[in-house]
Amino acid sequence: MPSASLSRRVDRTVIISIWAVPVLVVGQFAMLAIVPVTLALIVSLRHAHLRGLRRWAVTLATAYATPLILWATGPDRAPSLSKDMHPVLAALIVVAALATATAYHLGRRRPRRADGPSSERPHLRAAP
């Protein structure tokens, strides 16, 4: 599979996952948000071109893990994470997801510098 096609698929997976998190949390499906949070974290850690997104994905995963752990270890927990989650924690997850999505979009617009390390330089083909 060509690297440009793989890169587009990876990017699409990450951005759809990131945008799904606030939709699921606000829509009271917070437990299902574990899937897009995990996808965004794993994909951003595995692919080098998403290096700038790693810090944001870890922040999102941490913001999501906090109410999940509190719910799982609580003495009298509600039947769902959404019902047990404090609104401030839900807002924190939504803000972290929006910040991660913003970082992704701003990172894609930033032009790459040609004077950076060789691993970050765009590979140019030689003229025939």
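All values below were derived from every heavy atom in this structure, side-chain atoms included, with hydrogens, water molecules and symmetry-related copies excluded. Worth saying up front: this structure is predicted, and the values here are computed from it rather than measured. Throughout, numbering of the chain's residues begins at 1 and tracks the sequence.
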Visitor: Counting only heavy atoms not in Arg54 (residues, nucleotides, ligands), do more than 12 fall under 6.0 Å from its CZ?
Guide: yes
Visitor: In Å and rounded to the nearest 0.5 Å, what is the CG to OG1 distance from Leu92 to Thr62?
Guide: 10.0 Å
Visitor: Can you measure from OH (Tyr104) to CG (Leu53) and round to the nearest 0.5 angstrom?
Guide: 8.5 Å
Visitor: Tell me every residue that passes side chain to side chain donor-acceptor pair (under 3.5 Å) with Trp71, counting only those two or more places apart in sequence or in another chain.
Guide: none
Visitor: Looking at every non-hydrogen atom in both residues, tell me the closest pair between Ile69 and Thr73 and how far apart they are.
Guide: O-OG1, 2.8 Å
Visitor: For Val14 and Leu50, what are the C-alpha separation, side-chain angles and deciding distance, and is it a side-chain contact (heavy atoms from CB on, under 4.5 Å)?
Guide: CA-CA 9 Å; Val14 166; Leu50 295 173; 3.7 Å; yes
Visitor: Is there a donor in the side chain of Asp11 and an acceptor in the side chain of His49, or the other way round, less than 3.5 Å apart?
Guide: yes
Visitor: Should Leu68 and Met85 count as side-chain neighbours, where that means a heavy-atom distance under 4.5 Å?
Guide: no
Visitor: To the nearest 0.5 Å, tell me how far His47 NE2 sits from Thr13 OG1.
Guide: 8.0 Å
Visitor: Using modelled atom types and a 3.5 Å cut-off, is there a donor and acceptor pairing between side-chain atoms of His86 and backbone atoms of Val88?
Guide: yes
Visitor: Can you give me the closest heavy-atom contact between Asp84 and Ala78, atom names plus distance?
Guide: CB-CB, 3.7 Å
Visitor: Output a table of donor-acceptor pairs, distance under 3.5 Å, between side-chain atoms of residues 22-44 and any protein atom two or more places apart or on a different chain; print 'none' if there are none.
Guide:
unit_1 : atom_1 : unit_2 : atom_2 : d
Thr38  : OG1    : Ile34  : O      : 2.6
Ser44  : OG     : Ala40  : O      : 2.9
Ser44  : OG     : Leu41  : O      : 3.0

Visitor: Honestly curious: do Tyr64 and Val58 fall in one hydrophobic cluster under the side-chain, below-4.5 Å linking rule?
Guide: no
Visitor: Counting only N and O atoms by type, is there a donor-acceptor contact under 3.5 Å from the side chain of Thr100 to the main-chain atoms of Trp56?
Guide: yes
Visitor: For the residue pair Leu89 and Leu70, establish whether any side-chain heavy-atom pair is separated by less than 4.5 Å.
Guide: yes
